[in-house]
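Note that the structure is a prediction, hence the values are computed from the model and not measured. We count residues from 1, following the sequence as given. In each ligand, atom 1 is the first atom listed, and ligand 1 is the first ligand listed.
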Amino acid sequence: MADKEQTTDLQEKPFKPSSPSSKLDLNGFWEYADAPQSADFIELADQYELFIDGKFTKPASGNYFDTINPATEKPIAKIAEADEKDINKAVKAARKAYENTWSKISARERGKYIFRLARLIQERAREFAIIESMDGGKPIRESRDVDIPLAAAHFFYYAGWADKLNYAFPNKEVESLGVAGQIIPWNFPLLMLAWKIAPALATGNTVVLKPAETTSLTALKFAELCRDAGLPDGVVNIVTGAGETGAAIVNHDGIDKIAFTGSTEVGKIIMKSLAGSEKKYTLELGGKGPNIIFEDAPVDQAVEGIINAIFFNQGHVCCAGSRLLVQEGIANRVIQKLRDRMETLIVGDPLDKNTDIGAINSKQQFEKINEYLEIGVNEGADIHQSSCSIPENGYFCRPTLFTNVGQSNRIVKEEIFGPVLTIQTFRTAEEGIEKANNTPYGLAGGVWTDKGSKIFKTGQKIRSGVVWSNTYNQFDPTSPFGGYKESGMGREGGLHGLEPYVKLK
Ligand code: ADP
C-alpha cells in the first residue's frame, strides 16, 4: 500500500471542536469545577545540598542552579551542583560504607532497612506526590496513584529478595559488586530512583545516584528518608547536577557498575566511555513504541488504551505508544473516536486532581516538542490538536495527532517525548508487524485484538522488551523491563533486575 496513509473520509467530514474556552464541555452540559490539591503543608527549603556520607554537604564549587516549576516557570529552590571533587567524595563514602558496614551486616538486616525505606515512602506518599508534580509538571493523579505507590512497591519487593538471593540464583555463589553509580532521567524521578536503588541495596551494594537536573527534589527528600531510616552513612549518596556531573560518575575509577536511564544519545556517549573498562552496566534508553490495533479489537477500550499510551505523563514515557498502527478497515472510526476523546482531556495545573495532561517538564523539552510539531507540518502531515484551553504561563502542549504520515517522516522515526501521536494504517498483520519493527528502537509496544492467537503471534514478532496486549503502560515490580536494539541493554525489575548487581560464581 502507499506509504502515505488514507484519511480521505475524514477530510470530507472536517472535525468540529467544542468551544475552545470551556475547560471540559461534555455536550454543553457540564464543566468540571477546580479540584486543587493543597500544597500548604509542603515544606521545602530555599536551597538543597548534596547528600554525602549521611550528611547534607555544600558543593566544592559553591555553585547552585535553580529547579523550576514548569507549570508556573517560577523557581522552587536552589540545588547544589556537584563536580568531580564532590563525586570523588561520594564514591569514597560509598566505598567505605560498602567495606565497613553494608557488606558486613547480614542480608536479613539489609532487608530490614529497605523495608523501612518502603514504609517511610508510604507514610509520606502525598507529600512526595505533590513535590513530584510541582518539580516535574506531571498531574497529581499520576504522581499520587502511579509514581509514588510504585516506588514504594519496588522497595517492598526488593527488600523481600535481600535474604533470598540464594533462591534467586540457585546453586551459585552470589557476591555484590561494590559501588554502583546511577544516573536517572526526569520523567519518573522517584520511581526511577526506586528502580535503581532498591535492587542495588538488596544485593549488598552501596550507591551514588544522580537525579536529573530538572527534578532533583524527590531524590533529596528521599535522602531525608535514608537518614530517618537510620541507614548507615554512605550507603546511599545523592549528588545533583547536570550532564557533567553524570559524566564524572561514569568516568570515576572507584565505581563498579553504572546504571543509566535516559536518552539513546547520552547512552551511546556512556557506552563509549565505558568501553574497555571493568565496569558492568545497564542502559535503559529511548523508544518509539508501536501500538497495533487490529480490526477485531474492542474499539472503545482500544481508544482509552491509545490515550493512556501516549498522553499519560505528557508522553514523557520512554515506552510510550507514540506510533499508532491501525488496521485500515477501522482506521477512520478509531481516529474519529480518538479525536472526540482528546477533546475531553484536561490540560493544565498539575496540582488539580482533574488534570489529565500536566506541564511539559522543562523549557528545553517544550521547545523540542514544538520543533517536532513544526517538522511534522513541514513534512506534509495533517495535524489535529485538541481545542482545549491551556494556561498562559508554563510549558503546556495540547494533545496532538498526526495523520497522513509515512515511515520516512521524522515524526514517525524519532522519539519526541511529548503528547504527540502519529497514525499509520496497515492491511495485513505482516504489514503491521513490519511497520512496527521498522525502527532502531525496541522498548515497548501494544497489540489490541479480540483473538488470543493473534496476541501471541504478533507479540512474539514485535522486537520489543515489553508487549502489552489489550492494555498499555502496566507496571509491576515483579516484571522485568528493558529494551532491544537502541533502546538499551539489561533488564530492571523482577528477578532479572537483581542480576546486573551481582557476580555469580
Ligand atoms: P532525557 O532526554 O531523558 O533528559 P538525558 O539522557 O539527557 O535524557 O538525561 C538523563 C540523565 O543523564 C540526566 O540525569 C542527565 O543529567 C544525565 N546526563 C546527561 N548527559 C550526560 C553525560 N554525558 N554523562 C552522564 N550523564 C549524563
query = Within the structure, does Ile184 bring an N/O atom to less than 3.5 angstrom of an N/O atom in ligand 1?
reply = yes
key: Heavy-atom pair with the smallest gap, counting every atom of Lys257 and Leu177   = CB-CD1, 3.8 Å
key: Test: Lys78 and Asp66 ion pair at under 4.0 Å   = yes
remark   = The closest protein heavy-atom partner of atom 19 (C) of ligand 1 is Gly243 CA, 3.5 Å
Contact atoms of ligand 1, heavy-atom distance to Ala242 under 4.0 Å = 16 (O)
query = How about atom 14 (O) of ligand 1: does it have a protein heavy atom within less than 4.0 Å?
reply = yes
query = Can you name the nearest heavy-atom pair linking Lys288 to Glu414, along with the distance?
reply = NZ-O, 2.7 Å
inquiry  = Which residue and atom name correspond to the protein heavy atom nearest atom 12 (O) of ligand 1, and how close is it?
reply    = Phe260 CE1, 3.2 Å
inquiry  = Within ligand 1, which atoms have a heavy atom of Ala212 less than 4.0 Å away?
reply    = 14 (O)
query = Tell me, which protein residue and heavy-atom name are nearest atom 4 (O) of ligand 1, and how many Å apart are they?
reply = Trp186 NE1, 2.7 Å
ask   = With a cut-off of 4.0 Å, which atoms of ligand 1 are near a heavy atom of Pro185?
value = 3 (O)
message = Return the closest protein heavy atom for atom 17 (C) of ligand 1 as residue, atom name and distance.
response = Ile183 CG2, 3.7 Å
ask   = In terms of side-chain heavy atoms, does Glu49 have a donor or acceptor partner in Tyr64 at a distance below 3.5 Å?
value = yes
request  = State whether a side-chain donor-acceptor pair under 3.5 Å links Thr214 with Asn361.
outcome  = yes
Chi angles and distances behind the side-chain hydrogen bond (donor to acceptor under 3.5 Å, both in side chains) call for Tyr441, Glu415 = CA-CA 9 Å; Tyr441 294 113; Glu415 187 180 38; 4.5 Å; no
message = Does this structure show an ion pair linking Lys96 with Asp53, if we count only N-O contacts that are shorter than 4.0 Å?
response = yes
ask   = So, does Gly267 sit close enough to ligand 1 that a heavy atom of it is under 4.0 Å from the ligand?
value = no
ask   = Quick one: do the Lys85 and Ser61 side chains pair a donor with an acceptor below 3.5 Å?
value = no
message = Considering non-hydrogen atoms of the protein only, which is the closest contact for atom 27 (C) of ligand 1, and what is the distance?
response = Val266 CG1, 3.6 Å
query = Of the protein's non-hydrogen atoms, which lies at the shortest distance from atom 8 (O) of ligand 1, and what is that distance?
reply = Ser263 N, 3.3 Å
query = Which heavy atom of the protein is the closest neighbour of atom 24 (N) of ligand 1, given with residue, atom name and distance?
reply = Ala247 N, 3.4 Å
ask   = Is it true that Lys221 and Glu224 have a side-chain N and a carboxylate O under 4.0 angstrom from each other?
value = yes
ask   = Which of the numbered atoms in ligand 1 are below 4.0 angstrom from a heavy atom of Lys210?
value = 13 (C), 14 (O), 15 (C), 16 (O)
message = Return the closest protein heavy atom for atom 26 (N) of ligand 1 as residue, atom name and distance.
response = Gly246 CA, 3.5 Å
message = Quick one: does any side-chain atom of Asn205 pair with a main-chain N or O of Gly178 as donor and acceptor, under 3.5 Å?
response = yes
message = For Glu213, which part has a heavy atom under 4.0 Å from ligand 1: side chain, backbone, both, or neither?
response = side chain
